[in-house]
Amino acid sequence: MSLQDADADDAGFGARIRSAIFWRSGSQILSQMMSWVVTLAVIRLLDPADYGLFAMTQVILNFATFLNGYGLVSALVQSEKLDSHRLRQAFTIMLLLNGALALLQLGIAPIAADYYDQPMVADLLRVQALLYLSTPFISIPEAIMGRALDFKRPALVNLIAAFASAAVALVGALSGWGVWTLVFAPIAGFWVKGLGYVLATGFRPIPTFDFRGTGAMVAYGASLLGGQLFWIVQSQADIFIGGRVLEPHQLGLYAEALFLTQIFVSKFIPPLNDVAFPAYARMQKDPARVAWSFCKAVRLLLLLSCPVYLGMAVTAEPLVETLFGAKWLEMAPFVAVLALAMPFMTLQVMFAPVSNALGRPGTTARIAGVGAVLMPVAFLIGITFGAIGLAWAWLGAFPILTIVTARLAGAPMGLRLIDLVRAAAPGLGCAILMAGVVMAVDRILPPLAAPVRLAVLVPAGGIAFLAALMLCARGTLMELVALVIRRAPPVQAPA
(Lines give C-alpha, C1' and ligand atoms only; values in the text may rest on other atoms or scores of the structure.)
Protein backbone atom coordinates (compact mmCIF):
# COMPACT_ATOMS: atom_id res chain seq x y z
CA MET A 1 0.00 0.00 0.00
CA SER A 2 1.38 3.44 -0.94
CA LEU A 3 1.74 6.30 1.53
CA GLN A 4 -1.06 8.15 -0.24
CA ASP A 5 -3.36 5.13 0.09
CA ALA A 6 -2.46 4.80 3.77
CA ASP A 7 -3.26 8.46 4.37
CA ALA A 8 -6.58 8.05 2.59
CA ASP A 9 -7.36 4.98 4.68
CA ASP A 10 -6.53 6.86 7.91
CA ALA A 11 -8.70 9.78 6.82
CA GLY A 12 -11.61 7.46 6.10
CA PHE A 13 -11.20 5.70 9.41
CA GLY A 14 -11.01 9.05 11.22
CA ALA A 15 -14.23 10.16 9.54
CA ARG A 16 -15.96 7.00 10.73
CA ILE A 17 -14.72 7.65 14.27
CA ARG A 18 -16.06 11.20 14.21
CA SER A 19 -19.38 9.98 12.84
CA ALA A 20 -19.56 7.32 15.55
CA ILE A 21 -18.84 9.88 18.27
CA PHE A 22 -21.45 12.22 16.80
CA TRP A 23 -24.21 9.64 16.81
CA ARG A 24 -23.26 7.86 20.04
CA SER A 25 -22.66 10.99 22.11
CA GLY A 26 -25.24 13.10 20.32
CA SER A 27 -28.03 10.63 20.98
CA GLN A 28 -26.80 10.27 24.55
CA ILE A 29 -27.03 14.02 25.06
CA LEU A 30 -30.53 14.23 23.60
CA SER A 31 -31.84 11.24 25.55
CA GLN A 32 -30.21 12.47 28.74
CA MET A 33 -31.68 15.95 28.34
CA MET A 34 -35.13 14.42 28.09
CA SER A 35 -34.40 12.02 30.94
CA TRP A 36 -33.07 14.78 33.21
CA VAL A 37 -36.15 16.94 32.73
CA VAL A 38 -38.33 14.04 33.81
CA THR A 39 -35.88 12.98 36.54
CA LEU A 40 -35.96 16.43 38.11
CA ALA A 41 -39.74 16.39 38.06
CA VAL A 42 -39.78 12.92 39.63
CA ILE A 43 -37.24 13.88 42.31
CA ARG A 44 -39.46 16.76 43.38
CA LEU A 45 -42.40 14.37 43.75
CA LEU A 46 -40.56 11.55 45.55
CA ASP A 47 -38.80 11.60 48.91
CA PRO A 48 -35.09 11.04 49.69
CA ALA A 49 -36.08 7.82 51.51
CA ASP A 50 -37.40 6.39 48.21
CA TYR A 51 -33.99 6.92 46.65
CA GLY A 52 -32.32 5.40 49.68
CA LEU A 53 -34.34 2.18 49.33
CA PHE A 54 -33.68 2.10 45.60
CA ALA A 55 -29.94 2.55 46.18
CA MET A 56 -29.94 -0.50 48.46
CA THR A 57 -31.33 -2.67 45.65
CA GLN A 58 -28.77 -1.31 43.19
CA VAL A 59 -25.95 -2.84 45.20
CA ILE A 60 -27.42 -6.30 44.60
CA LEU A 61 -28.21 -5.65 40.94
CA ASN A 62 -24.79 -4.25 40.17
CA PHE A 63 -23.01 -6.99 42.06
CA ALA A 64 -24.86 -9.69 40.11
CA THR A 65 -24.48 -7.88 36.80
CA PHE A 66 -20.77 -8.62 36.59
CA LEU A 67 -21.79 -12.19 35.68
CA ASN A 68 -24.17 -11.14 32.90
CA GLY A 69 -21.69 -12.09 30.16
CA TYR A 70 -20.94 -8.68 28.71
CA GLY A 71 -17.32 -9.75 28.42
CA LEU A 72 -18.46 -11.93 25.52
CA VAL A 73 -19.53 -8.77 23.71
CA SER A 74 -16.01 -7.37 24.02
CA ALA A 75 -14.69 -10.63 22.61
CA LEU A 76 -17.05 -10.36 19.65
CA VAL A 77 -16.00 -6.77 18.96
CA GLN A 78 -12.29 -7.65 19.06
CA SER A 79 -12.51 -10.89 17.05
CA GLU A 80 -11.37 -10.84 13.43
CA LYS A 81 -14.30 -12.89 12.11
CA LEU A 82 -17.95 -12.86 13.09
CA ASP A 83 -20.70 -15.00 11.59
CA SER A 84 -24.33 -15.74 12.43
CA HIS A 85 -23.51 -19.06 14.15
CA ARG A 86 -21.03 -17.36 16.46
CA LEU A 87 -23.60 -14.70 17.30
CA ARG A 88 -26.21 -17.34 18.13
CA GLN A 89 -23.73 -19.14 20.36
CA ALA A 90 -23.02 -15.91 22.25
CA PHE A 91 -26.75 -15.18 22.51
CA THR A 92 -27.45 -18.59 24.01
CA ILE A 93 -24.68 -18.24 26.58
CA MET A 94 -26.00 -14.80 27.51
CA LEU A 95 -29.53 -16.16 27.80
CA LEU A 96 -28.48 -18.97 30.14
CA LEU A 97 -26.31 -16.70 32.29
CA ASN A 98 -28.92 -14.01 32.71
CA GLY A 99 -31.73 -16.46 33.35
CA ALA A 100 -29.64 -17.94 36.15
CA LEU A 101 -28.96 -14.46 37.53
CA ALA A 102 -32.68 -13.68 37.63
CA LEU A 103 -33.33 -16.87 39.63
CA LEU A 104 -30.39 -16.10 41.90
CA GLN A 105 -31.76 -12.66 42.68
CA LEU A 106 -35.13 -14.13 43.63
CA GLY A 107 -33.31 -16.26 46.20
CA ILE A 108 -31.12 -13.44 47.50
CA ALA A 109 -33.97 -10.92 47.89
CA PRO A 110 -35.04 -11.84 51.46
CA ILE A 111 -31.43 -12.07 52.62
CA ALA A 112 -30.74 -8.55 51.34
CA ALA A 113 -33.87 -7.25 53.06
CA ASP A 114 -32.68 -8.72 56.37
CA TYR A 115 -29.20 -7.21 55.95
CA TYR A 116 -30.58 -3.70 55.47
CA ASP A 117 -33.47 -4.27 57.89
CA GLN A 118 -35.81 -3.00 55.17
CA PRO A 119 -38.50 -5.60 54.17
CA MET A 120 -39.45 -3.52 51.11
CA VAL A 121 -36.07 -4.28 49.53
CA ALA A 122 -37.07 -7.92 48.93
CA ASP A 123 -40.16 -6.99 46.89
CA LEU A 124 -38.20 -4.48 44.83
CA LEU A 125 -35.47 -6.99 44.00
CA ARG A 126 -37.95 -9.66 42.89
CA VAL A 127 -39.43 -7.35 40.25
CA GLN A 128 -36.04 -6.01 39.18
CA ALA A 129 -35.01 -9.55 38.18
CA LEU A 130 -36.79 -8.81 34.88
CA LEU A 131 -33.90 -6.55 33.92
CA TYR A 132 -31.49 -9.46 33.43
CA LEU A 133 -33.70 -11.16 30.87
CA SER A 134 -33.44 -8.17 28.51
CA THR A 135 -29.62 -8.24 28.45
CA PRO A 136 -29.10 -10.88 25.68
CA PHE A 137 -31.39 -8.94 23.34
CA ILE A 138 -29.36 -5.76 23.89
CA SER A 139 -25.78 -7.02 24.06
CA ILE A 140 -25.51 -9.10 20.86
CA PRO A 141 -26.95 -6.43 18.54
CA GLU A 142 -24.62 -3.95 20.28
CA ALA A 143 -21.67 -6.14 19.27
CA ILE A 144 -22.87 -6.24 15.67
CA MET A 145 -23.20 -2.48 15.41
CA GLY A 146 -20.10 -1.76 17.50
CA ARG A 147 -17.84 -3.77 15.18
CA ALA A 148 -19.11 -1.78 12.22
CA LEU A 149 -18.78 1.53 14.14
CA ASP A 150 -22.47 1.92 13.32
CA PHE A 151 -23.91 4.11 16.06
CA LYS A 152 -26.66 5.77 14.07
CA ARG A 153 -29.20 2.97 14.41
CA PRO A 154 -28.64 2.38 18.13
CA ALA A 155 -28.78 6.14 18.64
CA LEU A 156 -32.33 6.24 17.32
CA VAL A 157 -33.33 3.20 19.37
CA ASN A 158 -31.80 4.71 22.51
CA LEU A 159 -33.88 7.84 22.04
CA ILE A 160 -37.07 5.80 21.80
CA ALA A 161 -36.11 3.73 24.85
CA ALA A 162 -35.29 6.88 26.83
CA PHE A 163 -38.69 8.30 25.93
CA ALA A 164 -40.43 5.11 27.11
CA SER A 165 -38.52 5.08 30.38
CA ALA A 166 -39.18 8.77 30.99
CA ALA A 167 -42.88 8.35 30.27
CA VAL A 168 -43.22 5.49 32.77
CA ALA A 169 -41.27 7.46 35.39
CA LEU A 170 -43.46 10.52 35.02
CA VAL A 171 -46.69 8.52 35.10
CA GLY A 172 -45.51 6.60 38.15
CA ALA A 173 -44.49 9.69 40.10
CA LEU A 174 -47.74 11.50 39.34
CA SER A 175 -49.76 8.37 40.19
CA GLY A 176 -48.18 7.96 43.62
CA TRP A 177 -46.17 4.80 42.93
CA GLY A 178 -43.36 6.02 45.21
CA VAL A 179 -40.19 3.95 45.02
CA TRP A 180 -41.83 1.64 42.44
CA THR A 181 -41.50 4.51 39.96
CA LEU A 182 -37.72 4.00 40.10
CA VAL A 183 -38.14 0.27 39.46
CA PHE A 184 -40.58 0.19 36.54
CA ALA A 185 -39.00 3.05 34.54
CA PRO A 186 -35.66 1.30 33.79
CA ILE A 187 -37.42 -2.01 33.12
CA ALA A 188 -39.48 -0.31 30.40
CA GLY A 189 -36.38 1.36 28.94
CA PHE A 190 -34.32 -1.84 28.84
CA TRP A 191 -36.99 -3.93 27.14
CA VAL A 192 -37.82 -1.26 24.56
CA LYS A 193 -34.10 -0.98 23.79
CA GLY A 194 -33.76 -4.76 23.43
CA LEU A 195 -36.67 -4.99 21.01
CA GLY A 196 -35.45 -1.98 19.06
CA TYR A 197 -31.90 -3.31 18.73
CA VAL A 198 -33.12 -6.67 17.44
CA LEU A 199 -35.32 -4.98 14.84
CA ALA A 200 -32.57 -2.51 13.84
CA THR A 201 -29.94 -5.18 13.19
CA GLY A 202 -32.17 -7.94 11.89
CA PHE A 203 -30.53 -10.30 14.38
CA ARG A 204 -32.56 -13.47 14.86
CA PRO A 205 -32.51 -14.34 18.60
CA ILE A 206 -32.66 -18.10 18.09
CA PRO A 207 -30.66 -20.14 20.63
CA THR A 208 -28.24 -22.86 19.63
CA PHE A 209 -26.76 -25.40 21.99
CA ASP A 210 -23.80 -26.20 19.77
CA PHE A 211 -21.02 -24.58 21.78
CA ARG A 212 -18.10 -25.94 19.76
CA GLY A 213 -15.45 -23.30 19.09
CA THR A 214 -16.57 -20.93 21.85
CA GLY A 215 -13.58 -21.61 24.09
CA ALA A 216 -11.57 -18.52 23.10
CA MET A 217 -14.62 -16.28 23.33
CA VAL A 218 -15.58 -17.58 26.77
CA ALA A 219 -11.96 -17.37 27.97
CA TYR A 220 -11.69 -13.74 26.89
CA GLY A 221 -14.99 -12.91 28.58
CA ALA A 222 -13.93 -14.76 31.73
CA SER A 223 -10.65 -12.84 31.81
CA LEU A 224 -12.68 -9.65 32.19
CA LEU A 225 -14.75 -11.02 35.07
CA GLY A 226 -12.10 -10.37 37.68
CA GLY A 227 -11.86 -6.73 36.75
CA GLN A 228 -15.64 -6.40 36.62
CA LEU A 229 -16.07 -8.03 40.03
CA PHE A 230 -13.45 -5.77 41.57
CA TRP A 231 -15.10 -2.76 39.92
CA ILE A 232 -18.46 -3.71 41.43
CA VAL A 233 -16.89 -4.04 44.87
CA GLN A 234 -15.19 -0.68 44.44
CA SER A 235 -18.24 1.19 43.13
CA GLN A 236 -20.90 -0.32 45.40
CA ALA A 237 -19.00 -0.52 48.69
CA ASP A 238 -20.23 2.90 49.81
CA ILE A 239 -23.92 2.00 49.60
CA PHE A 240 -23.30 -1.50 50.97
CA ILE A 241 -21.47 -0.08 53.99
CA GLY A 242 -23.61 3.02 54.42
CA GLY A 243 -26.94 1.26 53.88
CA ARG A 244 -26.52 -0.78 57.04
CA VAL A 245 -25.64 2.27 59.17
CA LEU A 246 -27.61 5.17 57.71
CA GLU A 247 -31.33 5.80 57.59
CA PRO A 248 -32.88 5.71 54.08
CA HIS A 249 -33.27 9.52 54.17
CA GLN A 250 -29.54 10.19 54.68
CA LEU A 251 -28.56 7.43 52.27
CA GLY A 252 -30.90 8.92 49.68
CA LEU A 253 -29.27 12.35 50.02
CA TYR A 254 -25.81 10.85 49.52
CA ALA A 255 -26.91 8.59 46.64
CA GLU A 256 -28.55 11.43 44.71
CA ALA A 257 -25.56 13.71 45.27
CA LEU A 258 -23.40 10.96 43.79
CA PHE A 259 -25.84 10.63 40.89
CA LEU A 260 -25.72 14.37 40.19
CA THR A 261 -21.94 14.66 40.31
CA GLN A 262 -21.41 11.51 38.24
CA ILE A 263 -23.72 12.56 35.42
CA PHE A 264 -20.87 13.38 33.05
CA VAL A 265 -18.62 10.43 33.89
CA SER A 266 -21.46 7.88 33.96
CA LYS A 267 -23.55 9.12 31.05
CA PHE A 268 -21.09 10.64 28.57
CA ILE A 269 -17.82 8.75 29.09
CA PRO A 270 -19.28 5.22 28.50
CA PRO A 271 -20.57 6.15 25.02
CA LEU A 272 -17.17 7.61 24.16
CA ASN A 273 -15.49 4.47 25.51
CA ASP A 274 -17.81 2.40 23.31
CA VAL A 275 -16.34 4.21 20.32
CA ALA A 276 -12.81 4.26 21.74
CA PHE A 277 -12.56 0.49 22.25
CA PRO A 278 -12.89 -0.56 18.58
CA ALA A 279 -10.85 2.49 17.55
CA TYR A 280 -7.96 1.63 19.88
CA ALA A 281 -8.27 -2.04 18.87
CA ARG A 282 -7.48 -1.09 15.28
CA MET A 283 -4.34 0.75 16.44
CA GLN A 284 -3.15 -1.98 18.82
CA LYS A 285 -0.03 -2.71 16.76
CA ASP A 286 1.13 0.89 17.18
CA PRO A 287 1.23 1.70 20.95
CA ALA A 288 2.75 5.14 20.35
CA ARG A 289 -0.24 6.07 18.20
CA VAL A 290 -2.58 4.78 20.92
CA ALA A 291 -0.79 6.89 23.55
CA TRP A 292 -1.01 10.01 21.37
CA SER A 293 -4.72 9.44 20.73
CA PHE A 294 -5.36 8.79 24.42
CA CYS A 295 -3.64 12.02 25.53
CA LYS A 296 -5.64 13.97 22.98
CA ALA A 297 -8.86 12.42 24.31
CA VAL A 298 -7.85 13.29 27.90
CA ARG A 299 -7.04 16.87 26.93
CA LEU A 300 -10.36 17.46 25.21
CA LEU A 301 -12.57 15.61 27.68
CA LEU A 302 -11.12 17.34 30.73
CA LEU A 303 -11.53 20.63 28.91
CA LEU A 304 -15.26 19.87 28.83
CA SER A 305 -15.70 18.13 32.17
CA CYS A 306 -13.53 20.07 34.64
CA PRO A 307 -15.51 23.32 34.44
CA VAL A 308 -18.68 21.31 34.99
CA TYR A 309 -17.32 19.55 38.08
CA LEU A 310 -15.70 22.57 39.68
CA GLY A 311 -18.73 24.65 38.79
CA MET A 312 -20.90 22.16 40.68
CA ALA A 313 -18.59 22.35 43.68
CA VAL A 314 -18.73 26.13 44.04
CA THR A 315 -22.45 26.50 43.26
CA ALA A 316 -23.70 23.42 45.11
CA GLU A 317 -26.24 25.18 47.32
CA PRO A 318 -28.15 27.20 44.69
CA LEU A 319 -27.75 24.34 42.20
CA VAL A 320 -29.41 21.77 44.48
CA GLU A 321 -32.19 24.11 45.58
CA THR A 322 -32.94 25.14 41.99
CA LEU A 323 -32.92 21.64 40.49
CA PHE A 324 -34.25 19.49 43.33
CA GLY A 325 -36.22 21.84 45.56
CA ALA A 326 -35.79 23.06 49.11
CA LYS A 327 -36.45 19.64 50.69
CA TRP A 328 -33.20 18.38 49.10
CA LEU A 329 -31.05 21.30 50.31
CA GLU A 330 -29.29 19.03 52.82
CA MET A 331 -27.68 17.41 49.78
CA ALA A 332 -25.55 20.47 48.91
CA PRO A 333 -22.52 19.63 51.13
CA PHE A 334 -22.32 16.17 49.56
CA VAL A 335 -22.33 17.67 46.06
CA ALA A 336 -19.61 20.18 46.93
CA VAL A 337 -17.23 17.44 48.09
CA LEU A 338 -18.05 14.73 45.55
CA ALA A 339 -17.75 17.09 42.57
CA LEU A 340 -14.08 17.67 43.39
CA ALA A 341 -13.38 13.93 43.09
CA MET A 342 -15.03 13.51 39.69
CA PRO A 343 -12.20 14.83 37.45
CA PHE A 344 -10.05 12.00 38.79
CA MET A 345 -12.79 9.46 38.15
CA THR A 346 -13.28 10.74 34.59
CA LEU A 347 -9.59 10.27 33.87
CA GLN A 348 -9.41 6.88 35.58
CA VAL A 349 -12.28 5.23 33.67
CA MET A 350 -10.81 6.30 30.33
CA PHE A 351 -8.02 3.75 30.67
CA ALA A 352 -10.17 0.60 30.53
CA PRO A 353 -10.88 0.56 26.75
CA VAL A 354 -7.18 1.12 26.04
CA SER A 355 -6.06 -1.87 28.11
CA ASN A 356 -8.80 -4.10 26.68
CA ALA A 357 -8.09 -3.02 23.11
CA LEU A 358 -4.39 -3.78 23.55
CA GLY A 359 -5.36 -7.30 24.64
CA ARG A 360 -4.47 -6.67 28.29
CA PRO A 361 -7.70 -7.22 30.27
CA GLY A 362 -5.53 -8.43 33.12
CA THR A 363 -4.30 -4.86 33.58
CA THR A 364 -7.87 -3.67 34.01
CA ALA A 365 -8.42 -6.46 36.54
CA ARG A 366 -5.32 -5.48 38.55
CA ILE A 367 -6.39 -1.84 38.64
CA ALA A 368 -9.89 -2.80 39.72
CA GLY A 369 -8.35 -5.06 42.40
CA VAL A 370 -6.51 -2.07 43.84
CA GLY A 371 -9.74 -0.08 43.83
CA ALA A 372 -11.63 -2.96 45.44
CA VAL A 373 -9.29 -2.70 48.43
CA LEU A 374 -8.65 1.05 48.53
CA MET A 375 -12.21 2.34 48.21
CA PRO A 376 -13.93 0.05 50.77
CA VAL A 377 -11.21 0.87 53.31
CA ALA A 378 -11.80 4.57 52.65
CA PHE A 379 -15.57 4.13 53.05
CA LEU A 380 -15.17 2.17 56.28
CA ILE A 381 -13.12 5.06 57.67
CA GLY A 382 -15.46 7.67 56.24
CA ILE A 383 -18.71 6.17 57.57
CA THR A 384 -17.53 6.85 61.12
CA PHE A 385 -18.18 10.52 60.31
CA GLY A 386 -21.65 9.82 58.92
CA ALA A 387 -22.92 10.19 55.36
CA ILE A 388 -20.63 13.15 54.62
CA GLY A 389 -17.68 10.91 55.48
CA LEU A 390 -18.53 8.73 52.47
CA ALA A 391 -18.20 11.80 50.23
CA TRP A 392 -14.82 12.73 51.72
CA ALA A 393 -13.67 9.13 51.19
CA TRP A 394 -14.14 9.65 47.44
CA LEU A 395 -12.02 12.79 47.45
CA GLY A 396 -9.31 11.22 49.59
CA ALA A 397 -8.98 7.87 47.81
CA PHE A 398 -9.75 8.42 44.12
CA PRO A 399 -6.73 10.58 43.27
CA ILE A 400 -4.55 7.75 44.61
CA LEU A 401 -6.40 5.20 42.49
CA THR A 402 -6.02 7.39 39.40
CA ILE A 403 -2.23 7.59 39.84
CA VAL A 404 -2.02 3.80 40.25
CA THR A 405 -4.16 3.36 37.11
CA ALA A 406 -1.96 5.67 35.07
CA ARG A 407 1.16 3.76 36.06
CA LEU A 408 -0.26 0.29 35.38
CA ALA A 409 -2.32 0.98 32.25
CA GLY A 410 -0.03 3.61 30.76
CA ALA A 411 3.12 1.47 30.72
CA PRO A 412 2.12 -0.86 27.81
CA MET A 413 1.64 2.12 25.48
CA GLY A 414 4.63 4.07 26.78
CA LEU A 415 2.53 6.72 28.49
CA ARG A 416 4.37 8.73 31.15
CA LEU A 417 2.76 10.51 34.09
CA ILE A 418 4.18 13.80 32.83
CA ASP A 419 2.37 13.28 29.51
CA LEU A 420 -0.87 12.81 31.40
CA VAL A 421 -0.31 15.88 33.54
CA ARG A 422 0.35 17.98 30.43
CA ALA A 423 -2.82 16.66 28.79
CA ALA A 424 -4.94 17.39 31.88
CA ALA A 425 -3.41 20.78 32.67
CA PRO A 426 -5.39 23.06 30.28
CA GLY A 427 -8.84 21.89 31.38
CA LEU A 428 -8.07 21.53 35.07
CA GLY A 429 -6.01 24.70 35.38
CA CYS A 430 -8.55 26.92 33.63
CA ALA A 431 -11.39 25.36 35.64
CA ILE A 432 -9.59 26.18 38.90
CA LEU A 433 -9.25 29.80 37.81
CA MET A 434 -12.94 29.81 36.88
CA ALA A 435 -13.94 28.41 40.29
CA GLY A 436 -11.99 31.17 42.03
CA VAL A 437 -13.82 33.83 40.03
CA VAL A 438 -17.22 32.27 40.77
CA MET A 439 -16.47 32.13 44.50
CA ALA A 440 -15.42 35.80 44.47
CA VAL A 441 -18.58 36.83 42.62
CA ASP A 442 -20.73 34.78 45.02
CA ARG A 443 -19.19 36.58 48.01
CA ILE A 444 -20.20 40.03 46.78
CA LEU A 445 -23.73 39.09 45.75
CA PRO A 446 -26.59 40.30 47.95
CA PRO A 447 -29.11 37.72 49.26
CA LEU A 448 -30.91 36.31 46.21
CA ALA A 449 -33.32 33.50 45.44
CA ALA A 450 -31.48 30.32 44.45
CA PRO A 451 -32.47 30.38 40.74
CA VAL A 452 -31.45 34.05 40.42
CA ARG A 453 -28.17 33.44 42.23
CA LEU A 454 -27.42 30.49 39.95
CA ALA A 455 -28.37 32.56 36.89
CA VAL A 456 -25.67 35.06 37.85
CA LEU A 457 -22.94 32.58 38.82
CA VAL A 458 -23.19 30.26 35.79
CA PRO A 459 -22.60 32.96 33.12
CA ALA A 460 -19.87 34.48 35.29
CA GLY A 461 -18.16 31.10 35.41
CA GLY A 462 -18.58 30.55 31.69
CA ILE A 463 -17.04 33.90 30.81
CA ALA A 464 -14.19 33.35 33.28
CA PHE A 465 -13.44 29.89 31.87
CA LEU A 466 -13.47 31.09 28.28
CA ALA A 467 -11.18 34.01 29.18
CA ALA A 468 -8.78 31.64 30.96
CA LEU A 469 -8.72 29.39 27.89
CA MET A 470 -8.01 32.29 25.56
CA LEU A 471 -5.16 33.48 27.80
CA CYS A 472 -3.62 30.18 28.89
CA ALA A 473 -4.76 27.40 26.52
CA ARG A 474 -5.76 28.91 23.19
CA GLY A 475 -4.28 26.00 21.25
CA THR A 476 -6.37 23.43 23.13
CA LEU A 477 -9.51 25.51 22.59
CA MET A 478 -8.84 25.70 18.86
CA GLU A 479 -8.25 21.94 18.81
CA LEU A 480 -11.69 21.39 20.34
CA VAL A 481 -13.31 23.80 17.89
CA ALA A 482 -11.61 22.05 14.98
CA LEU A 483 -12.94 18.70 16.18
CA VAL A 484 -16.51 19.95 16.49
CA ILE A 485 -16.51 22.05 13.31
CA ARG A 486 -14.43 19.98 10.94
CA ARG A 487 -14.33 20.85 7.28
CA ALA A 488 -13.64 18.28 4.62
CA PRO A 489 -10.25 18.73 2.91
CA PRO A 490 -10.37 20.00 -0.66
CA VAL A 491 -10.31 17.34 -3.34
CA GLN A 492 -7.08 17.43 -5.31
CA ALA A 493 -6.89 16.56 -8.94
CA PRO A 494 -4.79 13.46 -9.67
CA ALA A 495 -1.23 14.16 -10.85
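Since the model is a prediction, treat every value here as computed from it, not as a measurement.
We find the OG1-CG distance between T57 and L124 to be 6.0 Å, quoted to the nearest 0.5 Å. A distance of 11.5 Å separates CD1 of I187 from CG of L182, quoted to the nearest 0.5 Å. Between the CG atom in L95 and the OG atom in S139 there is a gap of 10.0 Å [rounded to 0.5 Å]. L258 contributes atom CG, which lies 5.5 Å from atom CH2 of W394 (distance to the nearest 0.5 angstrom). L380 CG to L390 CG: the interatomic distance, rounded to the nearest 0.5 Å, is 9.5 Å. Distance check: W177 CH2 to L174 CG gives 10.0 Å after rounding to the nearest 0.5 Å.
R126 has its side chain within reach of P110: a pair of non-hydrogen atoms, C-beta onward, lies under 4.5 Å apart. Residues I239 and L251 form a side-chain contact, since some pair of their non-hydrogen atoms from C-beta on lies under 4.5 Å apart. With contacts defined as side-chain heavy-atom distances shorter than 4.5 Å, the pair V265/S305 does not qualify. Two residues are said to be in side-chain contact when any heavy atoms from C-beta on lie closer than 4.5 Å; L319 and L260 meet this criterion. In this structure, the side chains of L133 and W191 come closer than 4.5 Å at one or more pairs of heavy atoms. Proximity of L323 to W328: side-chain heavy atoms (C-beta onward) are nowhere separated by under 4.5 Å. The shortest distance between side-chain heavy atoms of F324 and T39 does not fall below 4.5 Å. Side-chain contact between Q105 and L61: present, with at least one pair of heavy atoms (C-beta onward) separated by less than 4.5 Å.
Aromatic ring centroids of F240 and F379 lie 6.0 Å or more apart. For an aromatic pair to be called close, the ring centres must be under 6.0 Å apart, and F351 with F294 satisfies this.
Here the side chain of D114 pairs no donor or acceptor atom with the backbone of I111 at under 3.5 angstrom. Checked by atom type and distance alone, the side chain of K327 pairs as donor or acceptor with a backbone atom of R44 at under 3.5 Å. Of the possible donor and acceptor atoms, one in the side chain of T135 sits under 3.5 Å from a partner among the backbone N and O of Y132. Proximity of a side-chain donor or acceptor of T181 to a complementary backbone N or O of A169 within less than 3.5 Å is not detected.
Evaluation of the side-chain contact (heavy atoms from CB on, under 4.5 Å) rule for A397 yields L374, M375, A378 as partners, not counting sequence neighbours.
No more than 12 heavy atoms of other residues, nucleotides or ligands lie within 6.0 Å of CZ in F190, so this atom counts as exposed by the packing criterion. In this structure, W392 places its CH2 atom where only 12 or fewer heavy-atom neighbours from other residues, nucleotides or ligands lie under 6.0 Å away. Residue F163 places its CZ atom among 12 or fewer non-hydrogen atoms of other residues, nucleotides or ligands, all under 6.0 Å distant.
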I140 and V198: side chain to side chain contact (heavy atoms under 4.5 Å, CB included), yes or no, with the steps? CA-CA 9 Å; I140 305 303; V198 169; over 6 Å; no
Kindly indicate, with the supporting measurements, whether the criterion side chain to side chain contact (heavy atoms under 4.5 Å, CB included) is fulfilled by V59 and Y116. CA-CA 11 Å; V59 174; Y116 291 119; 3.7 Å; yes
Run the numbers on V308 and I263 for side chain to side chain contact (heavy atoms under 4.5 Å, CB included), then give the verdict. CA-CA 10 Å; V308 174; I263 281 177; over 6 Å; no
Would you sort out whether I60 and Q128 count as a side chain to side chain contact (heavy atoms under 4.5 Å, CB included), showing the intermediate values? CA-CA 10 Å; I60 307 302; Q128 288 171 320; over 6 Å; no
Which pairs of donor and acceptor atoms, one on a side chain in residues 333-348, lie under 3.5 Å apart (sequence neighbours left out)?
from	atom 1	to	atom 2	distance (Å)
T346	OG1	Y309	OH	2.7
T346	OG1	M342	O	3.0
Q348	NE2	T405	OG1	3.1

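V127 and F184 make their closest contact through CG1-CE2, 3.8 Å (heavy atoms, listed as atom of the first residue, atom of the second, distance). Taking all atoms of both residues into account, the shortest heavy-atom contact from P248 to Q118 is CG-NE2, 3.6 Å. The two residues A129 and L106 make their nearest non-hydrogen contact at CB-CD2, 4.3 Å. Scanning both residues, A112 and L125, for their nearest heavy atoms gives CB-CD1, 3.7 Å. Pairing each heavy atom of A164 with each of V192, the nearest pair is CB-CG2, 3.8 Å. Taking all atoms of both residues into account, the shortest heavy-atom contact from G243 to M56 is O-CE, 3.9 Å.
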